[in-house]
Amino acid sequence: MLNDTITHAERELYLTLLELAQQQPSAYEWLTRLPTWLNDIKDKANYAHAPAYQASVARLPTLTVNNVDLNSDVLTIEANLSESQRKQTMALLKQLMPWRKGPFQIGGQLENQIDSGQNEDQQAAPIFIDTEWHSDWKWQRVAPHLGNLKGRRVLDVGGGSGYHGWRMAGAGADTVIIIDPSCLFYHQFMAIRHFVGAADSYKTHYIPVPLEALPEHSQLFDTVFSMGVLYHRQSPFEHLQQLKGQLVKGGELVLETLVIEGDANTVLVPHDRYAR
Ligand SMILES: C[S@@+](CC[C@H](N)C(=O)[O-])C[C@H]1O[C@@H](n2cnc3c(N)ncnc32)[C@H](O)[C@@H]1O
């Protein structure tokens with residue numbers, strides 16, 4: 001049987017924006033554009049792999065989730081997981097490789113394991129998604145410098161698989177919207193959303209668009225994160241302007257990027273890509 005995780009997440013996103021628009025009229029523009037944004041990511045003509053990624057998420061099994069910890073370095077979803085569910089989940093998550101930003105863990109605690117899993121219904125070892133990058137290390141570096149996220153509306157620009165966005169929700173943010181144009185990362189987020197379920201009270205959302213696609217002067221967010229994105233942009237100045245346009249007056253911008261030696265007048269504007 002197929003799950004309705006993506007449809008459900010989309011509905012929650014609509015409801016969140018609708019509620020927001022009642023207090024902040026600039027959010028109406030987001031609501032108007034949302035159907036296009038969400039349709040585009042499903043369009044095979046734009047993203048050849050979209051149908052396959054969608055099918056992988058839709059086939060993830062429904063587990064009994066006992067606890068979700070969005071506040072730990074390994075983002076952990078404790079759930080009952082049989083051997084057959086483990087095999088099925090592993091195979092589907094592999095369809096969503098490469099997993100670059102994490103780590104995540106799904107399943108029970110190893111010490112609760114009954115035996116080596118001969119019996120199909122016994123608790124299997126948890127699934128550990130050991131990602132290419134230790135996103136928890138970046139969060140440890142950044143977190144001490146942040147204003148309190150409790151109750152804040154947050155935008156994470158270029159949020160990848162959503163690891164940091166989940167951590168922002170774990171740190172008490174009221175609403176988190178992650179944006180990133182990657183079709184793969186969007187579906188990785190949806191895979192994790194599938195297992196997190198309602199544990200975050202649906203305060204963590206994902207819109208699969210680049211920053212440039214957003215209405216320019218929304219001024220909707222108390223905190224805007226841009227981590228590891230600025231040096232990808234051909235026009236860093238424009239990126240900064242666009243970030244500013246998403247912030248409320250007096251809001252906080254968290255900019256994490258590569259730095260170069262120099263004084264206040266030294267600016268690196270890459271003519272081409274920063275790497276390769
Ligand atoms: C190096 S990764 C950083 C991911 C994550 N923020 C982190 O710090 O680990 C850069 C991310 O920016 C995304 N990205 C690239 N261009 C973007 C744009 N114009 N708007 C938003 N995100 C963008 C990429 O898809 C990628 O996920």
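Side-chain atoms are counted along with the backbone in the values below, which use heavy atoms only and exclude waters and symmetry mates. Ligands are counted one by one from 1 in listed order, and the atoms in each one are counted from 1 as well.
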Closest candidate by heavy atom, reference atom 23 (C) of ligand 1, pool Ser182, Pro181, Pro210, Ala213: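 Of the listed residues, Pro181 has the closest heavy atom.
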Do Ser218 and Gln246 pair up side chain to side chain, a donor and an acceptor below 3.5 Å, judged on atom types alone? yes
For a quick check under 3.5 Å, do Ser182 and Asp180 share a side-chain donor-acceptor pair by atom type? no
Does any N/O atom on [X] come nearer than 3.5 Å to any N/O atom on ligand 1?
X: Asp180; value: yes
X: Gly158; value: yes
X: Gly159; value: no

Close approach of Ser135 to ligand 1, heavy atoms, under 4.0 angstrom: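 No.
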Can a non-hydrogen atom of His164 be found less than 4.0 Å from any atom of ligand 1?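 For ligand 1, residue contact (heavy atoms, under 4.0 Å) with His164 is present.
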Are His205 and Thr16 close enough that some pair of their side-chain heavy atoms sits under 4.5 Å apart?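 Touching, per the 4.5 Å side-chain cut-off.
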Of all the atoms in ligand 1, which lie at a distance below 4.0 Å from a heavy atom belonging to [X]?
X: Gly228; answer: 1 (C), 2 (S), 3 (C), 10 (C)
X: Glu212; answer: 18 (C), 19 (N), 20 (N)
X: Gly160; answer: 27 (O)
X: Lys138; answer: 7 (C), 8 (O), 9 (O)

Between Phe185 and ligand 1, which residue portion shows a heavy-atom distance shorter than 4.0 Å: side chain, backbone, both, or neither?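 For Phe185, the contact with ligand 1 is made by the side chain alone.
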Quick one: CH2 on Trp37 to CH2 on Trp30, what's the gap to the nearest 0.5 Å?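 If I round to the nearest 0.5 Å, the distance is 5.5 Å.
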Quick one: do Asp73 and Arg167 make a salt bridge, cutoff under 4.0 Å?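 A salt bridge is present here (some side-chain N lies under 4.0 Å from a carboxylate O).
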Heavy-atom closest contact (His187 atom, Leu96 atom, distance):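 Distance-wise, the nearest heavy atoms are O-CD1, 3.9 Å.
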With a 6.0 Å cut-off on the ring centroids, do Trp139 and Tyr163 count as close? no
Heavy-atom neighbours of Arg33 CZ exceed 12 at 6.0 Å: yes
